[in-house]
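For the single chain, residues carry numbers from 1 onward in sequence order.
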Amino acid sequence: MAQPKKRSASYTVSISLANQQSLGIRDFIDNKIIKCYFPDSLFETARNALGKRIYVFGIIRQRTHGTKVNIKVAELKVLPDSSEMPSLIDIFRNLGGKS
C-alpha cells in the first residue's frame, strides 16, 4: 500500500451500519465505489447525504498505482444541488462587479 493521502470525493450511493459504520461513494475519476469509514459524530450528515453530491476529506488508503481502497473520513459536507449553483453568466457578472 502507498502512503495515506488526503482527498475529496463525489456521490453517496450507500450507507452501512454493520461492524464499522461506513458509506460508499462513487468516485468521478475511477467510476468505482470507495468505502468511507466515518465517526459517530458524522452519522446524521452521512445519512442526509444519501444520493447527493458530497465533499469528503480524510486519509485515503490507496494501492501503489493509485486505486483507492478506502477513506477514513475527518470531514463530510453535502454540496449544493446543481439547481442551486450559479450559472456561468452569474459568475462572470459577479467577477465583473455587476449585480
Working to the nearest 0.5 Å, report the span between CE of M85 and CD1 of I91. 7.0 Å
I'd like to check the side-chain contact (heavy atoms from CB on, under 4.5 Å) partners of K77; sequence neighbours left out, ordered by chain and number. Y55, E75
How far apart are the closest heavy atoms of S14 and L50, and which atoms are they? C-CD2, 3.9 Å
Report the distance from atom CG of N70 to atom NZ of K35, rounding to the nearest 0.5 Å. 8.5 Å
Hits for side-chain contact (heavy atoms from CB on, under 4.5 Å) against S16, two or more places apart or cross-chain, chain-then-number order -> A18, S22
From K52 NZ over to D81 CG, what is the distance, rounded to the nearest 0.5 angstrom? 8.5 Å
State the CD-CG distance between Q21 and D40, to the nearest 0.5 angstrom. 4.5 Å
Would the number of heavy atoms belonging to other residues, nucleotides or ligands and lying under 6.0 Å from CG of N19 be above 12? no
What is the minimum heavy-atom distance between I34 and V69, and which atoms define it? CG2-O, 4.4 Å
Quick one: are I25 and I33 in side-chain contact, heavy atoms under 4.5 Å? no
How close do L23 and A46 get, heavy atom to heavy atom, and via which atoms? CD2-CB, 3.5 Å
If you look at every heavy atom in K68 and Q62, which pair is closest and at what distance? CA-CB, 3.9 Å
How long is the gap from OG1 on T45 to CZ on F38, to the nearest 0.5 Å? 9.5 Å
Heavy atoms of V73 and P39 approach each other most closely as O-CD, 3.6 Å
Check the surroundings of atom CG in L17: do more than 12 heavy atoms from other residues, nucleotides or ligands lie under 6.0 Å from it? yes
Do I59 and Y37 belong together in a cluster built from hydrophobic side chains that touch within less than 4.5 Å? no
Can you tell me how far apart NZ (K72) and CD (Q20) are? Round to the nearest 0.5 Å. 8.5 Å
